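Notes to accompany the following structure.
Since we're looking at a predicted model, the values are computed, not measured.
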Protein chains: 4
Amino acid sequence: MEYNQKQLQIISVAERLFAAKGFSATSIRDISQEADINVSMVSYYFGSKDKLIEALFEVRAREFGARLDELLRDLGLSPMQRVNLMVDGMINRIFEKQCFHNVVLREQLSPDRRTPIISELLTELKLKNLRAMESIIHEGQKLGIFRSEVDVPMLSTTLYGTVNQLLSTKSYYCTVYGIQDLSEEEQEAHMIAKLKSHFKKIFQEMIKPELNDSITS
Amino acid sequence: MEYNQKQLQIISVAERLFAAKGFSATSIRDISQEADINVSMVSYYFGSKDKLIEALFEVRAREFGARLDELLRDLGLSPMQRVNLMVDGMINRIFEKQCFHNVVLREQLSPDRRTPIISELLTELKLKNLRAMESIIHEGQKLGIFRSEVDVPMLSTTLYGTVNQLLSTKSYYCTVYGIQDLSEEEQEAHMIAKLKSHFKKIFQEMIKPELNDSITS
Amino acid sequence: MEYNQKQLQIISVAERLFAAKGFSATSIRDISQEADINVSMVSYYFGSKDKLIEALFEVRAREFGARLDELLRDLGLSPMQRVNLMVDGMINRIFEKQCFHNVVLREQLSPDRRTPIISELLTELKLKNLRAMESIIHEGQKLGIFRSEVDVPMLSTTLYGTVNQLLSTKSYYCTVYGIQDLSEEEQEAHMIAKLKSHFKKIFQEMIKPELNDSITS
Amino acid sequence: MEYNQKQLQIISVAERLFAAKGFSATSIRDISQEADINVSMVSYYFGSKDKLIEALFEVRAREFGARLDELLRDLGLSPMQRVNLMVDGMINRIFEKQCFHNVVLREQLSPDRRTPIISELLTELKLKNLRAMESIIHEGQKLGIFRSEVDVPMLSTTLYGTVNQLLSTKSYYCTVYGIQDLSEEEQEAHMIAKLKSHFKKIFQEMIKPELNDSITS
DNA sequence: AATGAATGAGGTTTCATTCAT
DNA sequence: AATGAATGAAACCTCATTCAT
C-alpha cells in the first residue's frame with residue numbers, strides 16, 4: 001500500500017493525537033481539525049477510523065523494519081562495540097519516535113481488540129528485532145567473548161520495557177532526579193544518557209563471561 | 001472516602017473492563033450490564049465516569065500502600081535476602097493485580113488528561129515504593145555488602161518496566177519461548193519464574209561490590 | 001413482545017412514512033419529527049431502524065391474524081354467502097389498512113433484504129389466509145355447490161393482486177372512470193364497490209359447477 | 001432524448017439494482033461499481049440520480065410502446081384468438097422484463113414523490129395498453145361473440161395486478177405449489193403456464209355472452 | 001469528453017447524564 | 001435510596017454532487 005502526501009499528513013496527525021489521548025478518545029473530528037481537512041476525508045482516504053490506525057502501523061512498521069536492516073550491516077566492529085551500538089540505537093530510535101511508541105504501548109494493552117493486523121505487524125517487528133540482537137550476541141559467543149548462556153529475549157524485553165516505563169513516567173523521573181526545572185530537551189537528554197549508561201552496564205554484566213564459564217572454556 | 005459494597009463491585013467491574021478495552025472504549029452501559037445494575041447508578045454513586053476511575057485509583061492506591069508498609073517490616077533478614085524478597089514481592093503483586101496494573105499503564109500514557117488526582121496518587125505510590133527499596137539498599141551499603149553507587153530509581157524502573165512489558169506482550173513471549181500450548185496458568189508461572197530469576201541476577205550484578213569498590217574502601 | 005403507547009405511536013408514524021416514501025427514503029429524523037420525539041428515541045425503543053420495521057410487521061401481523069380467526073367463525077351461512085363475505089372482508093381490510101399494505105408491497109419487492117423475519121411473518125399470514133379461503137371452498141365442494149376443481153391460491157392471488165394494483169394506481173383508475181373530481185372518500189367508495197362486484201362475479205364464475213361437472217355428479 | 005451506449009449500460013445496471021434494492025437504497029456508488037465506471041459519471045451523463053431513473057423510464061416506456069403497436073396489427077384472427085394472444089403477450093412481456101416491472105411497482109407506490117414525469121409516462125403507457133385491449137374487445141362485441149357489458153379496465157387491472165403479485169411473492173407461490181426444489185427456470189415456466197391458463201379461463205368467463213345476453217340478442 | 005479528488009450535508013447510532021418518581 | 005425513562009450532543013460513516021483538470 002502506498003500513501004500519498006495528504007494521507008501521510010493525516011497519519012502523522014492521527015499518530016500524535018492517538019499518542020496523546022488514545023485511539024477511542026480521539027475523534028475523527030479532532031484529527032480533521034488538526035490536519036485542517038474535512039471530516040469525511042478520513043473515511044474517504046482510509047475507509048474508516050480502524051483502517052486509519054492500521055495504516056499508521058503499516059507505514060511505521062515498514063520504516064522500522066528498514067532501520068533494523070541497516071543495523072545488521074555495521075560489520076568490522078567488535079561484538080561488544082556492536083552491542084553498545086545496538087543499545088544506543090534502540091534507545092535513540094524510541095526517543096525519536098515517542099509518539100508512535102506511545103501508540104504501540106496503548107495497542108499492546110488491548111491485543112486484537114480492533115484488528116489482528118496490528119498485533120501481527122508488531123509481533124513481526126519484535127521478532128525481527130530479536131533476531132538482530134541474537135545474531136550479534138551469537139557472534140560474541142562464538143568468539144568466546146560472551147558467556148554461553150544469555151537470555152536474549154529477556155534482555156531485549158528489559159531494555160524496551162524500561163525505556164517505555166521511563167517515557168510513561170517522565171514527570172516522576174524528573175522529580176526523582178530533581179530536574180523538573182530543566183527544559184524539555186535537557187530532560188530528555190538526561191534520560192537518554194542515563195538509560196544508555198544504565199543499559200550498557202546491565203548488558204555488560206549479563207553477557208560477560210562468568211567465572212565458571214571462562215574456566216571451563 | 002468510604003465505598004459501600006455496591007460501589008466496590010462497580011469499581012471491580014470497571015477495573016476489569018478498563019483493563020480490557022481502555023477507559024474511553026468502555027461505556028457506562030458496558031459496566032452497568034456486567035455489574036447487573038442500572039445505567040444511572042454510576043452517575044448516582046460516583047458522580048460521573050471520570051470520578052469512577054478516580055475512585056478506582058483511590059481504592060487500589062490505598063491497598064497497595066498498605067502492602068508496602070508490610071514489606072518494610074521484614075527485619076531479621078540479610079540485606080540480600082530482603083532484596084530478593086522485595087523483587088519477588090513486586091513481581092507477585094503485579095501479577096496478582098494485572099487488571100489494575102493494566103489500567104495504570106493506560107493512564108500513565110495520557111498523564112493529567114482527565115484529572116491530576118490520578119497522577120498524584122500514582123506518583124505518591126511510586127515514591128513510597130522507591131523509598132522502601134532505597135531503605136533496603138542503604139542498609140546493605142552501610143554494612144558494606146552492596147556497592148556504594150547504586151541507581152535505585154533506575155533499578156526500580158527497570159523492574160517495573162520489564163514486568164509491564166512482559167505482561168503487555170504475553171503472546172509474543174509465549175511464542176519466543178515456545179509455550180503457546182501451555183495453559184494460561186502454566187504460562188504465567190513460566191513468566192513469573194523467568195522474571196524472578198532474571199531480576200535476582202540483575203540486582204545481584206548491579207548491587208554487589210565492584211572490584212574497585214571493595215579495594216578502595 | 002409488548003409495546004407501550006409511545007412505541008405504538010412511533011410505529012404508527014413510521015408506518016405512514018414508510019408507506020409514503022419507502023423504508024430507505026424515510027429517515028429516523030423524519031419519523032422523530034412527525035412523532036414529536038427525540039431522534040434517539042427510535043434506537044432507544046427499538047434498537048435500530050431495522051428493528052423498528054420488524055416491530056411494525058410484528059404488531060400488524062398479530063392484528064391481521066386475529067381478524068382472520070374471526071372470519072372462520074361465521075357459520076350458519078351458505079358457502080356462497082361465506083365466499084361473498086370473505087371477498088368483502090378482504091377488500092375492506094386492505095382499504096382500511098392501506099398504509100400497512102403499501103409497506104407490505106414494498107417489502108415484498110425486496111425479499112429478505114433486511115431481515116428474514118418480515119418474510120416469514122408475511123408468508124405465515126398469507127398461508128393462514130389461504131387456509132381460511134380453502135376451508136370455505138372445500139365446504140361448498142363437499143355440498144356439491146362448487147365445482148370440484150378450484151385453484152384457490154390463484155384466486156386468492158388474483159384478488160390480492162388486483163386490490164393492490166388498484167390502490168397503487170389510484171389516480172389512473174380515477175382518470176379511466178372519470179371520477180377525478182370526486183372527493184377522496186367518494187373515490188375510494190367507488191373503488192371498493194367496483195372491486196366487490198367485480199370479484200363476486202369472478203369468484204362466482206370460477207367456482208360454480210361447470211356443465212360437465214354437474215352432469216357427471 | 002437519445003442515449004449513447006455507455007448511458008444505456010448505466011441505465012441497465014441501475015435498473016437491476018433499483019429492482020433489487022429500491023431507488024433510495026441504491027447508491028450511485030453501487031451503480032458505478034457494478035457498471036465499472038467512475039462515480040461522477042452518473043451526474044455527468046444524467047445530471048442527477050433522479051434524472052437517471054427518469055431516463056430509465058423514458059427508455060423503457062418507448063420500448064413498451066413500440067411493442068404495443070405491434071400487438072394491434074395481428075389481424076385476420078378471431079376476437080377470442082386475439083384476446084388469448086393478448087393475454088399471453090402481456091404475461092410474457094412482464095416476465096421478460098421483470099426488473100423493470102419491479103421498478104415500476106416500486107415507483108407506483110410513491111406517486112409523484114420524485115417527479116411527475118414518471119407518473120405521466122406510466123399513465124400514458126397504461127392508457128395505451130387499455131385502448132388496445134378495448135379495441136379487441138369491442139370488435140368481439142360488434143360481432144356479438146362477447147357480452148355487451150365488459151369492464152375492460154378492471155380486467156386489465158386484474159391481469160396486471162395478479163402477475164405482479166405473483167412475481168412479488170414468488171417463494172410463497174413455490175411453497176404453495178410444492179415446487180421449491182425446481183430450478184429458477186422451471187419455476188418461472190410453471191408460473192407462466194399457470195397464469196396463462198388461469199387468465200384465459202377468467203377472460204373467457206367474463207366476456208362470453210351471458211345467458212340473458214344471448215337470449216335477448 | 002471524462003475523471004477522480006474533495007466536499008458538506010445528513011444518515012444512524014451510542015454516549016454520559018439528568019429528571020421525575 | 002434507587003430507578004428507568006428520556007435527552008441532546010456527538011460519534012462514525014455514507015451520500016450525491018461539484019470542481020479542477
Side-chain angles (χ1 to χ4, degrees), chain A residues 4-7 10 23-33 35-53 114, chain B residues 4 6-7 10 14 23-33 36-53, chain C residues 4-7 10 23-33 35-53, chain D residues 4 6-7 10 14 23-33 36-53 114:
Chain A
N4 63 37
Q5 206 53 40
K6 206 129 199 172
Q7 285 175 302
I10 295 172
F23 178 82
S24 298
T26 303
S27 76
I28 288 189
R29 274 189 161 78
D30 292 339
I31 297 169
S32 64
Q33 209 154 0
D36 202 39
I37 52 164
N38 191 279
V39 254
S40 58
M41 293 310 286
V42 168
S43 296
Y44 174 66
Y45 274 130
F46 298 94
S48 70
K49 199 185 165 191
D50 280 343
K51 294 274 183 58
L52 168 59
I53 197 173
R114 255 179 291 287
Chain B
N4 65 37
K6 206 137 201 168
Q7 286 174 299
I10 295 172
F23 177 82
S24 297
T26 302
S27 75
I28 287 190
R29 274 189 156 72
D30 292 338
I31 297 169
S32 64
Q33 203 159 356
D36 202 38
I37 52 163
N38 191 275
V39 262
S40 58
M41 295 309 285
V42 168
S43 294
Y44 177 65
Y45 274 131
F46 299 95
S48 73
K49 199 185 167 191
D50 281 343
K51 295 272 182 59
L52 167 61
I53 197 173
Chain C
N4 63 37
Q5 207 52 40
K6 206 127 198 174
Q7 285 175 300
I10 295 172
F23 177 82
S24 297
T26 302
S27 75
I28 287 190
R29 275 191 163 79
D30 292 337
I31 297 169
S32 64
Q33 209 154 0
D36 201 38
I37 51 165
N38 191 280
V39 254
S40 58
M41 294 309 288
V42 168
S43 296
Y44 175 66
Y45 274 131
F46 299 95
S48 71
K49 199 185 166 191
D50 280 343
K51 294 273 183 60
L52 168 60
I53 196 173
Chain D
N4 65 36
K6 205 137 201 169
Q7 286 174 299
I10 295 172
F23 177 82
S24 297
T26 302
S27 76
I28 288 189
R29 275 189 155 73
D30 291 338
I31 297 168
S32 64
Q33 203 159 353
D36 202 38
I37 53 163
N38 191 276
V39 263
S40 58
M41 295 308 285
V42 169
S43 295
Y44 177 67
Y45 273 132
F46 299 94
S48 72
K49 198 184 166 192
D50 281 343
K51 294 274 182 57
L52 167 60
I53 197 173
R114 255 180 291 286

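Of the two residues contacting DNA chain E, namely Asp50(B) and Ser48(C), the nearest-nucleotide position lying further toward the 5' end is that of Ser48(C). In this structure, Val39(A) and Lys6(C) both approach DNA chain F, and ranking their closest nucleotides by distance from the 5' end singles out Lys6(C). Remark on DNA chain F: of its neighbouring residues Ser40(C) and Ser24(A), the 5'-side contact belongs to Ser40(C), judged by nearest-heavy-atom nucleotide.
Here dG11(E) presents its C1' atom at 8 Å from NZ of Lys49(C), a figure rounded to the nearest Å. Following rounding to the nearest Å, Phe46(A) (CZ) and dC13(F) (P) show an atom-to-atom distance of 13 Å. In this structure, the CD1 atom of Ile37(B) is 11 Å from the C1' atom of dT3(F), given to the nearest Å. Atom CD1 of Ile28(B) is separated from atom P of dA11(F) by 16 Å (rounded to the nearest Å). dC15(F) atom P lies 10 Å from atom CD of Gln33(D), rounded to whole Å. A straight line from CD1 of Ile10(C) to P of dT12(E) spans 14 Å, rounded to a whole angstrom. As a whole-Å value, the separation of Lys51(D) NZ from dT17(F) C1' is 13 Å. For the pair Met41(A) CE and dC15(F) P, the computed distance is 17 Å after rounding to whole Å.
For the pair Gln7(B) (side chain) and Asn4(B) (backbone), a donor-acceptor distance under 3.5 Å is present.
Considering only heavy atoms from C-beta on, Ile28(B) stays 4.5 Å or farther from Leu52(B) through its side chain.
The phosphate of dG4(F) has OP1 or OP2 within less than 4.0 Å of a side-chain N or O from Asn38(B). Here Ser43(B) does not reach the OP1 or OP2 of dA16(E): none of its side-chain N or O atoms lies under 4.0 Å away. Residue Tyr44(A) places no side-chain N or O under 4.0 Å from the OP1 or OP2 atom of dT7(E). An OP1 or OP2 oxygen of dT14(F) is reached within less than 4.0 angstrom by no side-chain nitrogen or oxygen of Arg29(D).
Summarising the base pairing, dG8(E) is matched to dC15(F) through a Watson-Crick or G-U wobble pair whose two defining distances lie under 3.5 Å. Checking dA1(F) for Watson-Crick or G-U wobble geometry (two distances, each under 3.5 Å) identifies no partner in any strand.
In this model, no donor atom of one side chain and acceptor atom of the other lie less than 3.5 Å apart for Ser48(A) and Asp50(A).
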